[in-house]
K.L.:
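So that we are looking at the same thing, I have put the structure below in structure tokens.
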Amino acid sequence: MHTLKILILDDEPIVGKYLQPALMKHEMEVETFQDPDQALARMNETQFDVVVTDIRMKGMDGLRVLEWIRPRFPRTKVIVITGYGSREVERDALSKGAFAFITKPFKPRDLQLVIQKAAQALGYPGSGSAEGTGL
Amino acid sequence: MKSWLSKFLRKESGTDPSQVVRLRTVRFRHLLRHYGQMVALCVDAAEKQSGEYILDKAYVLSLTDKAFETVQDMIYDLNVLAGQRYAGLYDSADSIRQKATTLFKEESAFSAAPGEEEPEYLLLRKIRKVLFGRESVARPDDDASRTSLFGIAESAMKSASDSMSSLMQPFTTLPSIEKAHGGAPPPIKTSVMDLMKGLKESEGSSLVSDPFSADSAAARAFLKAFFSSEFWEGPSAGTADSNSALVACGLEDSMSAVLFHGEEYDLFDAFVSGAPEANHVYCRFQSGERGPAVSAILERLGFSISGIGGELTGWISSQPLSEMVSRVQAVAELAVFLLQPCPAGPSWKAEDEVNRFFHKTA
Amino acid sequence: MNTTDSIPDFLRQKYRGLRHLLGANTEVLEMMADVEADLLHLMPGECRFRESVIALLERTLLLVEDLDLLSDGRYRELFRVQGRIEADVRNSLHTTERQEAQNISLSLEDVDVQMAAETGGKAANLGEVSKLLPEAVPPGFVITTAAYRLFIQENNLNDRIRGLLRDLSLISDPHLLKNRAEAIRDLIRNSPVPAGIADAIIEGVARAGAAGRLWAVRSSAWGEDGQWSHAGQFDSFLHVPVAKLPDAYRGVLSSRYSDRAVQYRIHTGSAEIDAPMAVLFMPMVRARSAGVLYTREPGGGSSEKMLINSVHGLAENMVQGRMNADLILASRREPGLILEQHPGDAASVASGEVSLSPADVRGLVELGLKTEKHFGRPQDIEWAIDQEGKTVILQTRELRLAEGARQTTSHEISAPLASGGTTIFAGRAVGEVWIMGQGRDLDSIPEAAVVIADQATPELGLVLSRIAGLVATFGNPAGHAATLIREFAVPSVFGMTNAIKAVGDGRLVSLDATHRALYDGVLWPDVQERVRRRVRNPVRAGSAGFLNERILALNLVDPQAVSFRPKSCRSIHDIVRFVHEKAVGTMFQLGDQQSRHFGRSAAVLKSGVPLNLLVLNLGGGISSSAREKDVLSPADITSLAFQALWRGMTSPGIRWTGRTRVSAAGFASVIAGALTEGTGPSRGLGSNNYLMVADDYVCLNARLAYHFTMIDAMVGDAAENNYVNFRFRGGGAGADRRALRAQFLTKVLLRSSFGVNRQGDLVTAWMRRYPREASGQGLALIGKLMGCARQLDMMLNSSNDVKEYAEKFLQGDYEAFA
């Protein structure tokens with residue numbers, strides 16, 4: 001079975017801190033970053049299946065990260081974390097090619113379900129699902 | 001009351017009063033929806049407190065702003081309805097905002113020692129108390145007694161309901177409809193306004209003689225359940241004194257009604273359509289001693305309940321059409337139920353009353 | 001808002017009222033944008049649509065009351081006007097209300113032509129035919145429009161689709177449309193098919209007794225085969241194994257939002273008559289030959305002939321315009337009699353024989369006659385003949401014949417550059433040539449061009465609304481492209497083989513599609529003008545729609561006009577516009593009263609920008625040390641919102657003084673010049689220039705000569721509450737130039753996260769709920785726009801200029817505007 005490679009980018013350390021262990025439980029390979037530039041540098045080294053990025057960060061806007069990824073790694077699914085009730089930003093993210101967005105605050109489980117959907121869209125049925133990892 | 005209404009009526013004599021009623025019910029409903037939003041924010045914040053979320057400060061800030069914006073809008077609407085008599089509520093809200101601001105300033109000092117609550121959760125807990133902490137509605141007219149934002153919201157609903165009942169009161173002096181359900185006379189004096197008629201200027205008076213000709217399905221459902229309620233029968237039938245009167249109005253998907261009894265009133269407002277997210281039913285009962293029973297009944301019907309003592313309000317929203325129609329019917333039944341004296345006399349038990357209600361309406 | 005103690009209670013109340021009103025105004029504009037977007041994907045009869053319209057009506061009523069309170073009842077007539085509009089709209093919604101489909105799935109045999117709302121037009125017509133000719137219709141089933149609603153609802157897609165469709169009616173940026181449409185398609189393709197629908201598909205397959213076969217899955221959108229043909233707008237999937245049917249279903253649903261379909265809907269405004277997607281499932285026919293039958297020869301004038309296009313195998317390639325077909329003209333009177341035949345199919349050309357035998361032709365003609373008789377109209381039938389020789393009907397719809405081409409004689413001024421071919425849509429066109437070729441971006445077609453293409457493919461649908469005429473070397477008169485051309489009424493000729501070699505890009509030509517000839521130069525200048533007008537102000541079929549008229553249309557544009565009064569409001573948009581204008585006006589009068597009351601005139605802002613602005617402090621907008629001053633400097637105004645705007649207005653490169661380098665001076669630029677010299681009070685030139693500020697709020701109302709600018713913005717820490725509103729109108733130049741400037745503004749604003757509404761030269765733009773920095777940037781952008789767009793109407797001569805200057809602006813080259 002394919003092990004999903006996930007990159008999480010959020011300038012608040014708490015997000016990565018909670019998400020990493022939660023997702024690793026589901027046999028995903030997770031790397032977390034707080035600095036957008038470091039994240040982009042890492043993406044140049046290795047290809048990720050899914051990138052989860054916050055929309056508002058110091059230094060670089062999540063939409064910019066999205067715009068950077070799309071032409072370089074068209075296969076990579078980008079999930080954007082947006083703030084509470086920002087409809088316009090959600091629309092911008094979708095029309096710039098984000099796979100989905102998830103609104104803060106969310107449960108790790110919510111994100112895991114969205115990642116699962118992304119995995120299915122990538123053609124890895126069962127990847128990252130709670131059921132699929134019971135092997 | 002030197003209200004816009006009286007000015008309007010004076011200047012525009014000959015205007016169908018339903019124009020004013022429509023304006024007022026729309027304003028009231030706007031206020032009511034913001035109240036519903038406060039209820040939703042409260043529920044959402046409690047859910048977020050559960051500890052399962054990745055919580056950030058931005059959420060707490062955003063929640064706070066949204067709550068204040070909502071209540072500001074409510075205060076505005078209330079003042080429109082009530083001729084600017086409640087401008088003091090703006091200051092009450094401001095002073096609560098001060099408290100919230102102070103909390104946010106202190107937030108950096110919150111500790112996050114191992115084993116202790118995360119600072120974000122602690123902040124949310126404290127803010128929730130400021131925003132949604134429930135309190136007594138014992139002195140509704142004393143603005144200074146409002147210590148939480150939700151308290152202000154409830155106070156605004158109370159005052160707005162009073163304004164609506166004052167608006168509807170004059171209609172009780174008009175001749176009642178003669179025939180209600182199945183051609184029988186209505187159990188109490190009743191006036192029904194079809195606001196759609198008022199809107200179409202050519203169609204004459206909006207006061208209708210056949211209550212079931214009103215174009216609002218919600219109003220028809222309410223009236224039918226009200227007139228044909230089983231609770232009119234039984235040992236206490238006919239005791240509804242001549243002090244009671246019902247005024248109802250409707251426009252397509254919406255209906256409002258005020259039931260006057262003695263010095264008090266019950267109030268109902270509903271929007272019932274095929275689009276669940278637009279729907280709601282709101283009710284306000286002077287339930288007197290039977291408060292605990294009414295509270296249990298409404299809770300079983302899925303309403304969010306607030307109010308203390310004899311005055312209870314229920315709110316339910318975002319349910320599909322059929323669910324909503326059944327709630328409209330239920331609150332109409334409940335109104336009749338409460339209009340009748342409790343058959344068990346002073347020794348009644350809440351549980352028995354709840355059973356009696358659901359037994360007959362099932 | 002922190003109010004200062006110096007403001008008396010009644011003013012506090014008024015300011016509160018104004019702030020509330022302006023917020024409500026933004027809310028209503030948002031609701032209108034939502035309704036406009038909903039018109040593109042929901043039916044007016046649908047509950048969701050209905051409720052968003054009702055909410056808009058009621059919100060507008062409250063807005064009218066807000067103004068009434070603010071202005072002490074000066075515009076009470078508005079109540080009556082709103083009531084009338086509300087009654088009309090409620091009435092209209094009432095009549096469009098219909099029983100929504102309940103069944104998720106229906107067998108074709110249970111479907112008839114009355115059920116189009118549930119099953120889509122294609123399935124409804126086929127179901128009807130199955131009653132007449134049971135043998136000729138394969139045993140298919142349809143997944144209904146109710147299923148579409150269920151799909152959208154269960155996956156919570158309604159709000160997202162609406163959001164992505166917002167503001168798309170102003171397609172100044174085709175990339176925007178493409179990105180948005182693609183995002184919607186992705187949403188649909190990535191959403192699971194609800195179990196109820198997946199089960200219905202499996203059941204349908206079992207009922208048809210065709211579990212082991214391959215299936216065709218096609219759109220059956222209601223309206224598609226009715227009055228508005230959406231030829232080729234929706235995807236079909238062929239040879240689908242049963243396990244993949246749910247995927248194909250989603251694929252068809254997503255094609256409801258293909259670039260072409262979205263563009264088409266916006267162009268025709270046809271969402272008012274469009275409906276959600278029903279999808280038709282039929283077992284594949286193993287076709288020996290297939291094609292299209294027109295029961296009357298289109299454009300032939302003769303009613304005695306049927307036109308048959310036929311290829312070996314399946315008809316898909318032919319219909320897509322990728323392959324030539326055999327063309328047969330058959331007699332209607334004598335079924336089986338072939339009047340003419342032209343081999344076109346590669347196999348036919350090789351063998352010298354067409355893909356149909358005389359017996360086949362006879363069968364088809366008889367079938368055509370029966371179908372035509374049943375429906376009472378000429379039909380356009382897609383058919384196939386299987387290996388056993390059995391003829392089946394895959395779809396049938398009313399044939400839309402071109403309006404009888406008027407037989408005007410064209411003036412043979414010179415010999416044509418090229419001629420011949422088939423008229424697809426009659427008429428004349430004059431314009432610049434643009435050669436369509438491999439890899440050329442359709443977006444770069446200049447407006448009102450005459451496009452010359454090698455192949456007429458359905459992609460042309462994307463540009464048909466903005467071209468003058470079309471000539472194609474190859475193309476099937478029965479194909480999708482031809483159908484679209486007729487829909488868009490673009491004068492076109494197919495099969496004019498020598499055109500592409502005769503001319504090059506940019507040459508001015510005149511096309512007479514009626515007589516199939518292409519001439520050099522401008523033969524009919526009036527035609528050129530007419531075409532330009534059509535392209536610039538497309539007549540949207542939907543704009544005639546009642547809801548558009550009563551809700552979205554803006555008739556009150558000029559606040560100075562005598563007609564700017566309550567009685568003239570004909571739509572919700574008019575009311576909103578009126579309320580906004582009068583609310584702000586009322587506040588300024590109050591400001592004057594306040595000044596008199598305190599015996600102190602409002603402070604004046606002095607700066608390098610030649611706007612003599614009177615400043616009203618609503619609280620916390622001015623530094624405490626400056627509150628008693630009569631003359632303020634920009635630094636005295638501490639309002640964050642004002643500072644953001646001012647930052648933009650005074651950006652490096654923006655010039656508020658000095659003459660422009662525009663040569664086409666004229667009256668208007670003389671006035672503008674006098675203004676920019678900073679001579680005389682601006683207030684004397686028309687109206688007041690007022691600035692209202694609070695700590696997180698700015699409202700600027702300025703009339704500069706003939707320009708009118710209105711900004712009101714809340715920029716604070718709570719993104720929820722933030723908004724930036726901008727209105728711009730007027731200018732001294734002619735209507736055309738003003739419209740060009742409006743196009744420029746629209747382009748720039750849309751690219752900068754604003755929602756935009758443009759009506760003639762009035763541009764209304766808004767940005768809502770962005771965080772402080774982003775909203776501040778939006779305000780700064782508007783500050784820059786004010787400086788740059790000031791005299792832009794003098795500089796813009798064509799839509800190419802619009803593009804060029806918009807690019808310059810977005811790249812920060814403000815010197816170009818100085």
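Throughout, protein chains are lettered first and strands after them, A, B, ... in sequence-line order, and every chain is numbered starting at 1. Note that the coordinates shown come from a computational prediction; the quantities given were computed from them, not determined experimentally.
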K.L.:
Which region of C:Asp66, side chain (C-beta onward) or backbone (N, CA, C, O), has a non-hydrogen atom less than 4.5 Å from a non-hydrogen atom of chain B, or is it both or neither?
P.N.:
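Contact with chain B involves both backbone and side-chain atoms of C:Asp66.
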K.L.:
Which atom pair, heavy atoms only, marks the closest approach of C:Arg50 to B:Asp253?
P.N.:
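So the minimum-distance heavy-atom pair works out to NH2-OD2, 2.9 Å.
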K.L.:
Within a strict 4.5 Å, meaning less than it, do heavy atoms of the B:Arg22 and C:Leu61 side chains meet?
P.N.:
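Yes, at least one pair of side-chain atoms sits under 4.5 Å.
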K.L.:
Which distance, rounded to the nearest 0.5 Å, do you find between the CG of B:Asp73 and the CD of C:Glu27?
P.N.:
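Between atom CG of B:Asp73 and atom CD of C:Glu27 there are 7.5 Å.
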K.L.:
Is there side-chain contact between B:Gln19 and C:Arg80, with at least one heavy-atom pair below 4.5 Å?
P.N.:
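With C-beta onward as the side chain, the pair stays apart.
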K.L.:
Check whether more than 12 heavy atoms from other residues, nucleotides or ligands sit under 6.0 Å from atom CD of B:Glu47, and answer yes or no.
P.N.:
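Yes, enclosed.
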K.L.:
Determine, for C:Glu65 against B:Arg24, whether the closest basic-nitrogen to carboxylate-oxygen distance falls under 4.0 angstrom.
P.N.:
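Yes, charged N to carboxylate O under 4.0 Å.
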K.L.:
Can you tell me how far the CD atom of B:Glu252 sits from the CZ atom of C:Arg90, to the nearest 0.5 Å?
P.N.:
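It comes to 4.5 Å.
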K.L.:
To the nearest 0.5 angstrom, please state how far the NE2 atom of C:His20 sits from the CD1 atom of B:Ile75.
P.N.:
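It is 11.5 Å, given to the nearest 0.5 Å.
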K.L.:
What part of B:Phe68 gets closer than 4.5 Å to chain C, counting heavy atoms only: side chain, backbone, both or neither?
P.N.:
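For B:Phe68, no heavy atom lies under 4.5 Å from chain C.
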K.L.:
Could you measure the distance from the CG atom of C:Leu69 to the CD atom of B:Gln84? Nearest 0.5 Å is fine.
P.N.:
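Answer rounded to 0.5 Å: 6.5 Å.
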K.L.:
Which answer fits C:Glu51, side chain, backbone, both or neither, if we ask what part of it has an atom under 4.5 Å from a heavy atom of chain B?
P.N.:
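Side chain only.
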K.L.:
Report yes if the side chains of C:Arg59 and B:His30 come closer than 4.5 Å at any heavy-atom pair, otherwise no.
P.N.:
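Yes, at least one pair of side-chain atoms sits under 4.5 Å.
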K.L.:
Identify the heavy atoms of B:Leu251 and C:Glu86 that sit nearest to each other, and give their distance.
P.N.:
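Nearest pair, atom of B:Leu251 first, then C:Glu86: CD2-OE2, 3.9 Å.
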K.L.:
Kindly compute the distance separating CZ (C:Arg19) from CD (B:Gln72), expressed to the nearest 0.5 Å.
P.N.:
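Going from the CZ atom of C:Arg19 to the CD atom of B:Gln72 covers 9.0 Å.
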K.L.:
What residues, two or more places apart in sequence or in another chain, satisfy ring-ring contact (aromatic ring centres under 6.0 Å, His included) together with C:Phe578?
P.N.:
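For C:Phe578, the residues satisfying ring-ring contact (aromatic ring centres under 6.0 Å, His included) (neighbours in sequence not counted) are C:Tyr75, C:Phe564.
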K.L.:
Which heavy-atom pair separates B:Ala275 from C:Cys47 by the least distance, and what is that distance?
P.N.:
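Closest approach of B:Ala275 to C:Cys47: N-CB, 3.7 Å.
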